[in-house]
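What follows is one structure encoded as C-alpha cells, with my remarks underneath.
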Amino acid sequence: MYRHLHRRLAQHVRDFLRQNYGVDLPSIVIEQPPKVEMGEYALPLAFELAKRLRQPPRKIAEEIVAGIGPIEGFAKLELAGAGYINARVNRAALAASLAAREEPPREVRPGKILVEHSSINPNKAAHIGHLRNAILGDTFVRLLEYAGSQVDVQNYIDNTGVQVADVVVGFLHLDKKSRAEIEQLTRQPRVDYYCWDLYARVSEWYGESNENLKRRAEVLHAIEEGNNQTAAIADMISVAVLRRHLETMDRADIEYDFLPRESEILQLHFWDAAFEKLKTGGVLFHQTEGKNKGCWVMRRAGANSTAETAELAEEDQKVIVRSNGTVGYVGKDIAYHLWKFGLLGRDFGYRKFYRYPNGHPCWISTTDGEPDHPHFGEVSEIYNVIDARQAEAQNAVIEALRGLGYNQQADHYTHFSYEMVALTPRCAAELGYQLSEEDKTRTYIEVSGRKGFGVKADDLIDSLIASARKEVDARHEQLSDRERASVANQIAVGALRYFMLKYTKPSVIAFDFKDALSFEGETGPYVQYAVVRATNIFRKAGLDPETFGKDGACPVSIEDFGKFLNDDSGTEIWELWLAASKTSYIVEQSIATTEPAYAAKHAFQLAQWFNNFYHRHHILTEPDDARKKFLLATVAVVRRELIRVLACMGISVPPVM
RNA sequence: GCGCCCUUAGCUCAGUUGGAUAGAGCGUCUGGCUACGAACCAGAAGGUCGGGAGUUCGAAUCUCUCAGGGCGCGCCA
C-alpha cells in the first residue's frame, strides 16, 4: 500500500509540474519526514525548482501546496521547514484497506528470470561462504517471486575442473584406493567431509614433489576427455558430493530447479557453437606473435585503449583459447551464457536428479536425457550470485555478449556481487589455527579450502540446532521430542538466514560463533518471537488471526480507525501501521538495488516496533470493546506482514518459542 | 603499476536516487516478570562520519587528493 501511494503521489506531482510550470523532472524524490507527526511523505523538490524558476523554495512549495488539489488517499499536503512539501495520508483509509488485505494490482514484468547461485565445486563439503551465497541467492529468488516474476533457479556444477581432479588424485594416487573402495566411500553419509580432509592432504602432497603435481595434469586431462575410467571415478565422486550439497542446502530451505554441469558443456560441444559466433562476430582474434602467440584472445573488459582489436596491447588482451587449442573457463562461461539467453542454438539433455521431501524435482544436465522435461534457458533476465573476486571474469562475459551485438541481453545481465565470509582471529584460534602476530591484529582472516581451514556449513547448522534445542527444552517441557526438534530447527534456520542477510553485500562478514549463535537482539529469532507473541494473543482470545478483518468482515469501522489513529496518542500506533504497509515497497527496493539486507532490516524494525507496542498496550484486558478490536486488528496486520517478509527471507515461524 | 571495494559509537554494522536533530545490535551501567511468555521492554553513557580541499541552498552520501586496509589483474577455475 505504501508503495502504491508513493507512486500515485509521484505521478500526481509530475503531472502538476508539467502542466503548471512546464518542467519535466525525470525522477520525483520522495522520502520520509524525520518524524511521522510531520506526515508520511516528504518532497524536497522545491529546492531543485528554486534555481530553474528563480524563486525562493518556500514560495514555490507554497504555490504547489495551494494549487495541487486533492489526491486520492491523502488527507492534505503542507509546507514545512525551508521549503519541504509534506504529504499526510488518510490514516483511516489506509488502515482499513490494510486490515481488509486489499492489494493494489502490480505490473509484472514479462519473461522469465534466471537466478544462478551456490555453484560450489563438487569436491568437498560446503562451508559458511557457500551458505552466504546460497542464502543471498535463494532470498533474491523469493523476493522476485513475491513481486510476481517467474524464476528459474540454477546451480552451476564445475565437475571437470582442477578441484575435482585434486580429490581424484587423492583417492587414486595418494591413498591408492581402488574403484570399488572409492565407490564404498562415496556411500558414506558425510562423504563431503571425507573429501574436505582429503583435498587438504592432496594440496600438501603436491608441495612435496613435482612428480606429484604431474598427476594432477594427467587426471584433469582424462576428466576433460571423458569416456574413461578416471572420468567415471570423477563423476562418481562429484555426484556424491553434489548430492550432499543439495541435502545441506535443503536444511536451510534452499532448493534448485536445474543443475547444469560443465561435463555436458564440453560433451555437447557448446563451446564449438560459441567459438564460431565469437570468431565471425569479431570478438575473438588470433594472435600471431608476442606473449599470446597462437591464442585466441578478446579485449579485456574495461580496457581503455582505443586501438583496433588486432593491435591491442598485451595487457589489454584476455586469453580465451590457449595455444594448445583448449578453451579456458571464461570461454565456457560465454557459451553457457549464450545458452541462458537462448542464443546458442543448442540445448542440454535433462534428467531428474533429486526429489525434495516436498516433492519438488531438481533436474540435472546429461548428454541424452528424458524426453519429457521442463524448458530451461531462453530467459529474458539473469542474475549471477558470484562473489566479488570474480567481477572481472563476469565483465568479460558481458563484454563478449556486447561484442556479438546482444546489448539488450548484456543490459539484463547482473553480476549479483557480494563479499566473502572470513573468520575473526578469535574464531580462527578456536579452530586450532596458529595465528601470527600480524594475524592477531587483523579484523578477519580468510578461509582456505585448500588448507582445510574453515567452518563447514553442516557443522554450523548442527551447532545452531543444538543451541536452539537447549533453549526450547528449557522452556517447553510439555512438548514431544518431535515437536521440540521441529521448533529448534525453525529457530536455527531463522538465526542462520537472518545472520547472512543482515549484512549488506559489500561488507565482509567476519564470522564468529558467538555472533552467529545469538538468538537475541538483531536476529532472526527476535523477529520470529514477535510473530509468536502476536499469535498467542489471538489464541488466548479464541480468534483466528488469519481471517480477522479479511474479506470486508472488518470488525473495526472506518470511523473507529480514524478515532484511534488520528489523535496524538494514536500516532505511536500509526507508526506501526505505516511500517506494516511497506512490504511491497521494501521488496521493490531490495530487487532494484539487489540488496536483500533491506528486507532484513525492515523485518527487524517492524518486529521492534511491535514489541514496543506489545508492552505498552495490554490487549486482552482492554475494557473499551471498539478499542480492543482496533488493537487486535493492529496485531493481525503486523503479524501477517512479518510473516510475509520473513517468508521472502526463507524464514518460517514456529508455533511456540 | 592498473582496476574494484572498504574506513561511521568500545566492538559489529545500518544510513535507499544528496535533504530536516547521524541510527541499530552487542558490550557496560540502571530499572522492569502475580499481565497477551523477559528469546522482551525502558533509561543512561558513548560520534572531529579516516584527514584535507571542492561542487551545492544543503554532503556520511557526489568530485579531487592524501593516509590506512582488503580483493582482483595467469595460455588457473
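A note on names: the letters A, B, ... follow the listed sequences, proteins ahead of strands, and every chain is numbered from 1. Keep in mind that the numbers below use all heavy atoms, side chains included, and drop hydrogens, waters and symmetry copies.
Checking the phosphate oxygens (OP1, OP2) of B:rA77, no side-chain nitrogen or oxygen of A:Arg389 falls inside 4.0 Å. Distances shown here put a side-chain N or O of A:Gln608 below 4.0 Å from the OP1 or OP2 atom of B:rG25. Distances shorter than 4.0 Å separate none of the side-chain N or O atoms of A:Lys601 from OP1 or OP2 on B:rA24. Between B:rC76 and A:Arg322, a contact under 4.0 Å exists linking OP1 or OP2 to a side-chain N or O. At B:rA42, none of the side-chain N or O atoms of A:Tyr614 fall inside 4.0 Å of OP1 or OP2 (strictly under the cut-off). The shortest distance between the side-chain N/O atoms of A:Tyr598 and the OP1/OP2 oxygens of B:rG15 is below 4.0 Å. OP1 and OP2 of B:rC40 both lie 4.0 Å or more from every side-chain N or O belonging to A:Asn612. Close to B:rA77, at under 4.0 Å from its OP1 or OP2, lies no side-chain N or O of A:Tyr329. Neither OP1 nor OP2 of B:rC41 sits under 4.0 Å from any side-chain N or O of A:Arg616.
For A:Asn611 and B:rA39, a side-chain-to-base donor-acceptor distance below 3.5 Å is absent, hydrogens and geometry of angles not being considered. The base of B:rC13 is not paired with the side chain of A:Ser507 by any donor and acceptor separated by under 3.5 Å.
Set against B:rC73, B:rC71, B:rC40, the side chain of A:Arg300 has B:rC73 as its closest nucleotide. With B:rC57, B:rU12, B:rA39 as the candidates, the nucleotide lying closest to the side chain of A:Thr443 is B:rU12. Considering only side-chain atoms of A:Met38, the nucleotide from B:rA77, B:rA20, B:rA39 that sits closest is B:rA20. Among the nucleotides B:rA77, B:rC36, B:rU56, the one closest to the side chain of A:Val162 is B:rA77. Ranking B:rC5, B:rC57, B:rA38 by closeness to the A:Pro506 side chain, first place goes to B:rC5. Distances were taken from every side-chain heavy atom of A:Glu392 (C-beta onward) to each of B:rC36, B:rC73, B:rU12; the shortest belongs to B:rC73. Considering only side-chain atoms of A:Asn292, the nucleotide from B:rC75, B:rG25, B:rA39 that sits closest is B:rC75.
When Watson-Crick and G-U wobble pairs are counted only if both distances are under 3.5 Å, B:rG23 pairs with B:rC13. Under the Watson-Crick and G-U wobble criteria, each requiring two contacts below 3.5 Å, nucleotide B:rA42 is paired to B:rU30. A 3.5 Å limit on both hydrogen-bonding distances identifies no Watson-Crick or G-U partner for B:rU48. When Watson-Crick and G-U wobble pairs are counted only if both distances are under 3.5 Å, B:rU7 pairs with B:rA67. When Watson-Crick and G-U wobble pairs are counted only if both distances are under 3.5 Å, B:rG1 pairs with B:rC73. Taking a pair to require two hydrogen-bonding distances under 3.5 Å in either a Watson-Crick or a G-U wobble arrangement, B:rU61 remains unpaired.
Side chains of A:Gln394 and A:Asn384: a donor on one and an acceptor on the other come within 3.5 Å. For the residue pair A:Asp333 / A:Tyr156, no side-chain donor-acceptor distance below 3.5 Å is found, with atom types taken as modelled.
Contact annotation for A:Lys293: base contact, defined as any heavy-atom pair under 4.0 Å involving a base atom. Note on A:Glu446: only backbone sugar-phosphate atoms sit closer than 4.0 angstrom, heavy atoms only; bases stay farther off. Within 4.0 Å of A:Glu520, counting heavy atoms only, lie sugar-phosphate atoms of the nucleic acid but no base atom. Among the protein residues, A:Val527 comes within range of no part of the nucleic acid, since none of its heavy atoms lies under 4.0 Å from any strand. Nucleic acid contact class of A:Val508 (heavy atoms, under 4.0 Å, all strands): sugar-phosphate only. Using a 4.0 Å heavy-atom cutoff across all strands shown, A:Leu220 reaches no nucleic acid atom at all. Heavy atoms of A:Ile491 sit under 4.0 angstrom from at least one base atom. Contacts of A:Ala50 with the nucleic acid, taken as non-hydrogen atoms under 4.0 Å apart, are absent. Backbone-only engagement by A:Lys51 is indicated by non-hydrogen atom pairs under 4.0 Å involving sugar-phosphate atoms exclusively. Nucleic acid contact for A:Asn86: base, since at least one base atom lies under 4.0 Å from a heavy atom of the residue. Using a 4.0 Å heavy-atom cutoff across all strands shown, A:Gly83 reaches no nucleic acid atom at all.
Taking atom P on both nucleotides, B:rC57 is separated from B:rA14 by 32 Å, rounded to a whole Å. Going from the C1' atom of B:rG54 to that of B:rA59 covers 11 Å, rounded to whole Å. Comparing the C1' positions of B:rG51 and B:rG46 gives an interatomic distance of 23 Å, to the nearest angstrom. Comparing the P positions of B:rC62 and B:rG15 gives a spacing of 12 Å, expressed to the nearest Å. Comparing the P positions of B:rC64 and B:rG3 gives a spacing of 11 Å, expressed to the nearest Å. Rounded to whole Å, the C1' atom of B:rG74 lies 38 Å from the corresponding atom of B:rU8. Rounded to a whole angstrom, the distance from the P atom of B:rC11 to that of B:rU30 is 23 Å. The same atom, C1', is picked in B:rC29 and in B:rA67; the two are 37 Å apart, to the nearest Å.
The CZ-P distance, from A:Phe604 to B:rC40, rounds to 9 Å in whole Å. Atom P of nucleotide B:rC36 and atom CZ of A:Arg539 are separated by 11 Å, given to the nearest angstrom. One can place CZ of A:Arg52 at 17 Å from P of B:rU56, the figure rounded to the nearest angstrom. Between the CH2 atom of A:Trp609 and the P atom of B:rA42 there is a distance of 12 Å, given to the nearest Å. Summarising the geometry, the separation between CZ on A:Arg426 and P on B:rU12 is reported as 12 Å, rounded to the nearest angstrom. Rounded to an integer number of Å, the gap from A:Arg639 CZ to B:rC36 P is 19 Å. Distance A:Asp515 CG to B:rA39 C1': 16 Å, rounded to the nearest Å. In this structure, A:His602 atom NE2 and B:rG15 atom P are separated by 15 Å, rounded to whole Å.
Using a cutoff of 4.0 Å between basic side-chain nitrogens and carboxylate oxygens, A:Glu595 and A:Lys502 are not scored as salt-bridged. One finds a salt bridge joining A:Arg3 and A:Glu588 here, because a Lys/Arg side-chain nitrogen approaches an Asp/Glu carboxylate oxygen to under 4.0 Å. A:Glu622 has no carboxylate O lying under 4.0 Å from a charged side-chain N of A:Lys629, or vice versa, which leaves the two without a salt bridge.
When ring centroids are compared, A:His617 and A:Phe613 come within the 6.0 Å threshold. Side-chain rings of A:Tyr41 and A:Tyr2 approach one another, their centers coming within less than 6.0 Å. Here A:Tyr336 and A:Phe270 keep their ring centres 6.0 angstrom or further from each other.
A residue-by-residue look at A:Ala80 and A:Glu262 shows that A:Ala80 has its nearest nucleotide of RNA chain B further toward the 5' end. For the pair A:Gly290 and A:Lys35, nearest-nucleotide mapping onto RNA chain B gives the more 5' position to A:Lys35.
No more than 12 heavy atoms of other residues, nucleotides or ligands shown are found within 6.0 angstrom of CD on A:Glu477.
A donor-acceptor distance shorter than 3.5 angstrom exists from the side chain of A:Arg475 to the backbone of A:Glu471, with no hydrogens or angles considered.
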